[in-house]
Protein chains: 2
Amino acid sequence: MSFDTCGIIGKSSALQEVFRILAKVAPSDSTILVTGESGTGKELLVRALHRNSRRADKPFVPINCGAIPRELLESELFGHEKGAFTHAIRTKIGRFEMAQGGTVFLDEIGEMDLSLQVKILRVLQEREFERVGGSKTIKADVRVVAATNRDLEEEVSKGTFREDLFYRLNVIPIVLPPLRERGEDVIILARYFLKNFCTNHRPGILGMAEEVADILARYSWPGNVRELENFMERMSILCDGESIGLVDLPDKILRETGVEVPKRVPAPADASFRWPELKDLREKSMGLKEFLDHVEERLLTEALGEVDGIKNKAAEVLGIKRTTLIEKLKKKNML
Amino acid sequence: MSFDTCGIIGKSSALQEVFRILAKVAPSDSTILVTGESGTGKELLVRALHRNSRRADKPFVPINCGAIPRELLESELFGHEKGAFTHAIRTKIGRFEMAQGGTVFLDEIGEMDLSLQVKILRVLQEREFERVGGSKTIKADVRVVAATNRDLEEEVSKGTFREDLFYRLNVIPIVLPPLRERGEDVIILARYFLKNFCTNHRPGILGMAEEVADILARYSWPGNVRELENFMERMSILCDGESIGLVDLPDKILRETGVEVPKRVPAPADASFRWPELKDLREKSMGLKEFLDHVEERLLTEALGEVDGIKNKAAEVLGIKRTTLIEKLKKKNML
DNA sequence: GCGTTTCTGTCATATTCTTGACAGTTAGGC
DNA sequence: GCCTAACTGTCAAGAATATGACAGAAACGC
């Protein structure tokens, strides 16, 4: 579908469904409301939306409505004229103006003051606004995307969120699934983060045993992707060996997933991995190229075996193109 | 020096010295006497000589003087006319005639009858001979190379070898060193043979631990290269595992080299080699290419470390060209 | 010093590898 | 049957790699 996912990683059907919707709505200018638990990557999603819209080369202006004191938020959004209030020393451009032609991302819109909600509503309906303390009306050629982790319908019934604004925003609702519902993605993301942290902050490479990956996949990740990312960073710093083992996992995760901690006693190290060394080349009387070829051949064979000879899948497992795999097999007379 | 060694393998200074001489004398037509224990590869050496001579595209005719009954040897060498003796049903061309323009290799010349020695001498001096029972004198445009594992000087003093022939042959003496004096070559050859037998008669690859190689290098190899070759073939058939271990070596060799057999008990398998598997890629979240690159990088680093950063030597250790090594380092930002 | 050897990096060339585009097969689903 | 989806191999072009030829720098012997 040629949709730029801008670094959002995952293959779960839940996520793919989100991408499907996103690809459909991105080209239009419709207002979008993204809902999802905190840490599910809402901002990333909206960035992707922007990048795939007609406004991609115009500004993307995110603003976290929950992080800014309500007194300041208005002038932040709309700007203010000089002398509008104390400290308003000079005229200031607001986010909506900065975003001309582009996209404004209102994060945590559920935190927004009722009084401000009206002004946002006006922007959505009339496509215009005024700076704080200003009288000139400014046209707003912006696409508005909002996000929240609250249940806005509930806020509406509690009276803390304007019903009319909710309906305006909720033209296209997109629900970002929590990590725990993205199955396989946990492992993909975990390995991705681990690798990232290693290349940046570590000599050598820290691996993760498959049993460990399985446990992580079963954990609930209440903090979603953000929690996972932090967790992998911690692991990359704390673990010394070649690979993250069961013993390295914090009790919290082990308890929740109900794993018997095998104690640090056994250390079987039966057939654990060891990077090939020069002496291994010598032992097999191979040159570098021949050795690498042989390693490659073994991996090709194993990959093919694992997927019943389906070259298509084997190539994916190996992270190479199918045609590349075929050419390799040809070269090695395995075809 | 661009000398084609025709499959003679080794780097020992003893052997290099032989090559040096060989390269010098090959282009000339001088008679050569190769001395060396049995199994040192005399025939191979003479073939190399021939191939590097001006006669390379003419016949190379070897004849083992010790293997042919003396009654037959003469007619074998010089041919015979029809009816020269019983069974001489038809005229037969001898080896010297076959070799016209090429090289005749008289192996085990020490075994040759005194009466025949005279005729060889005539070939060397007059460059001519007659077929057995023939009267026509035939010109012999051949280069003669002789070899023996006996001490010809001793044979001369015992009276079993003609002094004049000895001096004629011994124009250029080449002494092929016994394997036990070729140090490092034992290991090179052992690995070479092992690899050969494996590719031909075995699924998979049998390696040889470095400790084993060290022991082989210390053994005396009375049968020289031939014994070593046979031995490696035996190993390739008898050993089951990934690699030849101390326990696989016959007592004879262990006793001679004074090695304590560590019994079959321990089997520590501490950090023994294991070919990388698919799960190792997954554990490190690498694709095939990235993984191989990483293995390569580690090996490059290790090789460089082993030779104090001398890229020239590192390349040799790895069995690649120096320039290739440099390009690889460049690509990996290690330069 | 000076000649010789050894090691070095660069560069152009030849070779090999990778991949996208294509077209043909097979296997179900209906 | 027919359609779709997944899998297959081929091929050409572009990217990447390997290597021979070169020339400059260090090391060595004398």
Side-chain angles (χ1 to χ4, degrees), chain A residues 1-5 11-13 15-17 19-20 23 184 276 278 281 285-335, chain B residues 1-5 11-13 15-17 19-21 23-24 184 276 278 281 285-335:
Chain A
M1 69 172 72
S2 93
F3 179 83
D4 180 1
T5 57
K11 299 187 171 182
S12 59
S13 53
L15 193 61
Q16 292 305 318
E17 173 65 10
F19 283 144
R20 214 179 49 75
E184 25 176 358
L278 216 43
L281 298 217
S285 29
M286 289 177 166
L288 179 65
K289 275 167 70 162
E290 192 184 1
F291 182 83
L292 291 175
D293 264 7
H294 202 265
V295 172
E296 186 177 55
E297 180 167 330
R298 280 178 155 261
L299 291 171
L300 295 187
T301 307
E302 199 192 345
L304 281 169
E306 185 162 271
V307 296
D308 306 315
I310 311 293
K311 301 190 184 48
N312 234 331
K313 293 179 185 163
E316 193 187 2
V317 167
L318 294 166
I320 59 182
K321 294 271 125 93
R322 184 184 55 85
T323 43
T324 308
L325 170 60
I326 290 178
E327 297 296 325
K328 281 184 186 300
L329 293 175
K330 212 186 278 177
K331 191 184 60 151
K332 295 176 168 30
N333 294 317
M334 299 168 68
L335 191 58
Chain B
M1 71 174 71
S2 91
F3 179 83
D4 179 1
T5 57
K11 298 186 171 183
S12 59
S13 54
L15 192 61
Q16 292 305 319
E17 173 66 10
F19 283 145
R20 213 179 51 74
I21 299 173
K24 267 193 190 161
E184 25 174 359
L278 215 42
L281 298 218
S285 27
M286 289 177 166
L288 180 65
K289 274 169 68 163
E290 192 184 1
F291 183 82
L292 291 175
D293 265 8
H294 203 265
V295 172
E296 186 176 56
E297 180 167 331
R298 280 178 155 261
L299 291 171
L300 295 187
T301 307
E302 199 191 344
L304 281 169
E306 186 163 88
V307 296
D308 306 314
I310 311 294
K311 302 189 183 49
N312 235 332
K313 292 180 184 161
E316 194 187 2
V317 167
L318 293 166
I320 58 181
K321 295 268 125 85
R322 184 185 54 85
T323 43
T324 307
L325 171 60
I326 289 178
E327 297 296 327
K328 280 183 187 300
L329 293 175
K330 213 186 277 177
K331 191 184 58 151
K332 295 177 164 44
N333 294 316
M334 298 167 67
L335 191 58

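Side-chain atoms are counted along with the backbone in the values below, which use heavy atoms only and exclude waters and symmetry mates. Lettering follows sequence order; numbering is per chain, from 1.
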Exercise. Would you say B:Val317 and A:Leu278 make side-chain contact, with heavy atoms under 4.5 Å?
Worked result: yes
Exercise. Whole-Å distance between C:dC17 P and B:Lys289 NZ?
Worked result: 12 Å
Problem set entry | Whole-Å gap separating C1' (D:dT8) and CG (A:Leu329) | 12 Å
Exercise. Any side-chain heavy atom of B:Leu329 within less than 4.5 Å of one from B:Leu304?
Worked result: yes
Exercise. Under the 3.5 Å rule, do the base of C:dG20 and the side chain of A:Arg322 count as making a donor-acceptor pair?
Worked result: no
Problem set entry | A:Glu316 and A:Val307: CA distance, side-chain angles, deciding distance, side-chain contact (heavy atoms from CB on, under 4.5 Å) verdict | CA-CA 10 Å; A:Glu316 193 187 2; A:Val307 296; over 6 Å; no
For this session: Check whether any side-chain N or O of A:Lys330 sits under 4.0 Å from OP1 or OP2 of D:dG9, and answer yes or no.
Result: no
For this session: Ignoring backbone atoms, test whether B:Lys331 places a side-chain nitrogen or oxygen under 4.0 Å from the OP1 or OP2 oxygen of D:dT17.
Result: yes
Exercise. When you check the phosphate oxygens OP1 and OP2 of D:dT17, does a side-chain N or O of B:Lys328 lie under 4.0 Å from one of them?
Worked result: no
Problem set entry | Protein-nucleotide distance (B:Ile326, atom CD1; C:dT6, atom C1'), rounded to Å | 13 Å
Exercise. Roughly, in whole Å, what's the span from CG in A:Leu325 to P in C:dC17?
Worked result: 14 Å
Problem set entry | Protein-nucleotide distance (A:Met334, atom CE; D:dG9, atom P), rounded to Å | 13 Å
Seminar exercise, completed: Heavy-atom nearest nucleotide on DNA chain C taken for A:Lys321 and for B:Glu327; more 5' hit belongs to B:Glu327
Problem set entry | N or O in side chain of B:Thr324 less than 4.0 angstrom from D:dT19 OP1/OP2 | yes
Exercise. Contact class for A:Ile310 vs. all strands (heavy atom < 4.0 Å): base, sugar-phosphate, or nothing?
Worked result: sugar-phosphate
Problem set entry | Minimum-distance nucleotide (side-chain atoms of B:Asn312 versus D:dA21, D:dG9, C:dT8) | C:dT8
Problem set entry | Between C:dC17 (P) and B:Leu288 (CG): distance, integer Å | 13 Å
Exercise. Within this structure, what is the NZ-to-P distance between B:Lys311 and D:dA26, rounded to whole angstrom?
Worked result: 13 Å
For this session: Could you tell me whether B:Glu302 atom CD has more than 12 heavy atoms of other residues or ligands within 6.0 Å of it?
Result: yes
Exercise. Once you round it to whole Å, what is the distance between C1' of C:dT18 and CG of B:Leu292?
Worked result: 14 Å
Exercise. Are any non-hydrogen side-chain atoms of A:Leu288 and B:Lys328 less than 4.5 angstrom apart?
Worked result: yes
